[in-house]
Amino acid sequence: MIEFLLCSLVTILPDYLFRRYRQGKRIGHEITFFTVWYELRWGITGALMLTIALITLVFFYHPTTSNVLSLYRTVSILPETAGRVDLVVVENNQHVKAGQLLFTLDSSTEKAQVDTAQSEVDEIDAEIQLANSELISAEAMISQAQGAYNQSVGELERTLDLQRRNSDVVTQKEIDTRENQVVVRKGQLDAAVANRDIVQTKITVSLPAQRTSAIARLHQAESAYHKKFVYAGVDGVITQFILQPGDIVSPILRPAGILVPSTTGYGRFQAGFGQITATVIKVGMAAEITCASRPFEVIPMVVVDTQDFISSGQFRPTDQLVDAQDVARPGTLLVIMEPLYPGDTNGIPPGSKCIANAYSNYGEQIAAGEFGFWGGLYYHMVDATSIMHALILRFQALAFPVKVLVLSGH
């Protein structure tokens, strides 16, 4: 309507003035309700054509969309394992911090497994202490066996020395006895050394390996035990949380609730513009939004990012070929917008429904002379038409409460 009124000023109005003051035709006489079309046909036709061209120009270079949301993510509150609820420490709609305990599951079995694994570690530690004592005893046995062996060797050498001096003093039987005694004492020494080596191997290899395995079983049991405690992963608000002690919670069949992070959905808006505007919308473009949760306000925004693909073209590999005609509706170009001035969007709840306008700006290219004279004149006119769309957005901001509260059947 605004475009038609503006276009009529340069088409219908001059046509009427020409016929009124040049041809002398008067309203109510020659120009009546029945003769308006015939008398003002050139002005009406020109107004309609110019209006269509202007609307096309405005909506192409300054696109608008009502598909604007401040999207936010949610986190399902799920334990890693299924179980029966033992204790609930938070309430629905409660603000929680990352790492805060939410609820616990029955962990009696896992606690017993932890105690058993800890007992195994303690037993192995006790065996290591005992083995260290055995090592000291084995070292003492080696010293004792070494002393007895040295004594036997000394007695044998003295006996042989006496035989060399006087063969009648020492008998061959006594020499054999001394030699056998040396062999026995050498065997005892070797046995003591072997026993010491066994104890050392037990301390350095066997028991540490057993302790490592026991600690691994302890960590596994502790991991299973800790999975019975469910904590908040991020800061946020808990919703749809009606858990009670005795309820069964499963990571597949039954989540406990939903956690809405407090770091998403604020100050960042996602808008879906028509695909035809893909060549127009650029990062850095100025934009404006008005939201139902903040009526009568128009907030200046800036385009910070655009999605390089259309979501409706997504497909998943299946056993059927994808036919393009199966895509029922064309997708939109996802555009990310943030407030031009930080804090302007404070108070807009995540998920709010909004209307957005994006405005093309060719001022720098015109100043640089990239379009030439006529091209610069055209794009200067394009930039000037943004005021019309901005005015329409303000009318929409004023009509938003009426549309929502009255015309929606409220």
Side-chain angles (χ1 to χ4, degrees), residues 1-7 51-73 264-307 310-312 329-362 382-410:
M1 180 59 70
I2 296 176
E3 291 85 352
F4 182 78
L5 291 176
L6 292 176
C7 293
T51 299
I52 294 174
L54 183 60
I55 291 175
T56 303
L57 181 72
V58 170
F59 277 83
F60 179 75
Y61 286 104
H62 312 294
T64 183
T65 179
S66 60
N67 301 317
V68 184
L69 290 172
S70 53
L71 300 177
Y72 61 94
R73 72 183 185 96
T264 59
Y266 294 94
R268 197 173 180 90
F269 292 79
Q270 293 75 30
F273 287 90
Q275 296 183 22
I276 197 172
T277 62
T279 58
V280 176
I281 297 181
K282 305 294 182 182
V283 175
M285 283 183 60
E288 291 180 325
I289 64 169
T290 179
C291 301
S293 55
R294 287 269 296 272
F296 307 118
E297 292 188 33
V298 176
I299 303 173
M301 307 289 288
V302 62
V303 176
V304 296
D305 195 10
T306 58
Q307 189 168 270
I310 305 299
S311 300
S312 61
R329 60 175 183 173
T332 58
L333 176 68
L334 183 63
V335 176
I336 312 300
M337 298 185 296
E338 291 183 355
L340 184 61
Y341 303 103
D344 276 1
T345 56
N346 293 343
I348 300 180
S352 297
K353 181 71 172 179
C354 305
I355 300 175
N357 282 358
Y359 305 108
S360 298
N361 183 7
Y362 296 96
V382 167
D383 289 346
T385 56
S386 63
I387 189 65
M388 299 176 58
H389 225 177
L391 186 61
I392 293 175
L393 183 64
R394 281 148 180 80
F395 286 152
Q396 290 176 317
L398 294 175
F400 225 143
V402 177
K403 179 180 179 181
V404 173
L405 300 177
V406 180
L407 301 180
S408 64
H410 183 270

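Since this is a predicted model, take the numbers as computed values, not measurements.
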So, for [X] and [Y], which heavy atoms are closest and what is the spacing to 0.1 Å?
X      : Y      : result
Pro63  : Thr277 : CB-CG2, 3.4 Å
Ala271 : Val68  : CB-CG2, 3.8 Å
Thr65  : Gly272 : OG1-O, 2.7 Å

Rounded to the nearest 0.5 Å, how far apart are [atom1] of [X] and [atom2] of [Y]?
X      : Y      : atom1 : atom2 : result
Ser386 : Leu391 : OG    : CG    : 11.0 Å
Thr306 : Ile281 : OG1   : CD1   : 8.0 Å
Tyr362 : Asp383 : OH    : CG    : 7.5 Å
Ile392 : Ile387 : CD1   : CD1   : 11.0 Å
Asn361 : Met285 : CG    : CE    : 8.5 Å
Arg268 : Met301 : CZ    : CE    : 10.0 Å

Whether the side chain of Arg294 engages the backbone of Thr290 through a donor-acceptor N/O pair (distance < 3.5 Å, no angle test) should be reported.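 Judged by distance alone, no pair lies under 3.5 Å.
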For His62 and Val382, indicate whether the former's side chain and the latter's backbone hold a donor-acceptor pair under 3.5 Å.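 Pair found, side chain donor or acceptor close to backbone of Val382.
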Within a radius of less than 6.0 Å around CZ of Phe60, do more than 12 heavy atoms belonging to other residues, nucleotides or ligands occur?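 Counting neighbours around CZ of Phe60, more than 12 heavy atoms of other residues, nucleotides or ligands fall under 6.0 Å, so yes.
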Is the number of heavy atoms from other residues, nucleotides or ligands under 6.0 Å of Ile276 CD1 greater than 12?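 No.
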Would Val298 and Leu393 count as a side chain to side chain contact (heavy atoms under 4.5 Å, CB included) here? Give the steps. CA-CA 8 Å; Val298 176; Leu393 183 64; 3.9 Å; yes
Does Leu334 reach the side chain of Gln270, with side-chain heavy atoms less than 4.5 Å apart?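 Yes, close enough: below the 4.5 Å cut-off.
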Answer whether the closest heavy-atom distance between the side chains of Leu54 and Met388 falls below 4.5 Å.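 Contact flag for Leu54/Met388 side chains = yes.
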Review item, side-chain donor-acceptor pairs of residues 348-360, under 3.5 Å, at least two apart:
from	atom 1	to	atom 2	distance (Å)
Ser352	OG	Ser293	OG	3.0
Ser352	OG	Pro349	O	2.6
Lys353	NZ	Ser66	O	2.8
Asn357	OD1	Thr64	OG1	2.6
Asn357	ND2	Tyr359	OH	3.4
Asn357	ND2	His389	O	3.0
Tyr359	OH	Glu288	OE1	2.7
Ser360	OG	Tyr61	O	2.3

So Ile336 and Phe269, side chain to side chain contact (heavy atoms under 4.5 Å, CB included) or not? Walk me through it. CA-CA 6 Å; Ile336 312 300; Phe269 292 79; over 6 Å; no
Of Thr345, Ile289, Asp305, which is the lone residue that meets side-chain contact (heavy atoms from CB on, under 4.5 Å) with Met337?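 By the side-chain contact (heavy atoms from CB on, under 4.5 Å) criterion, Met337 pairs with just one of Thr345, Ile289, Asp305: Ile289.
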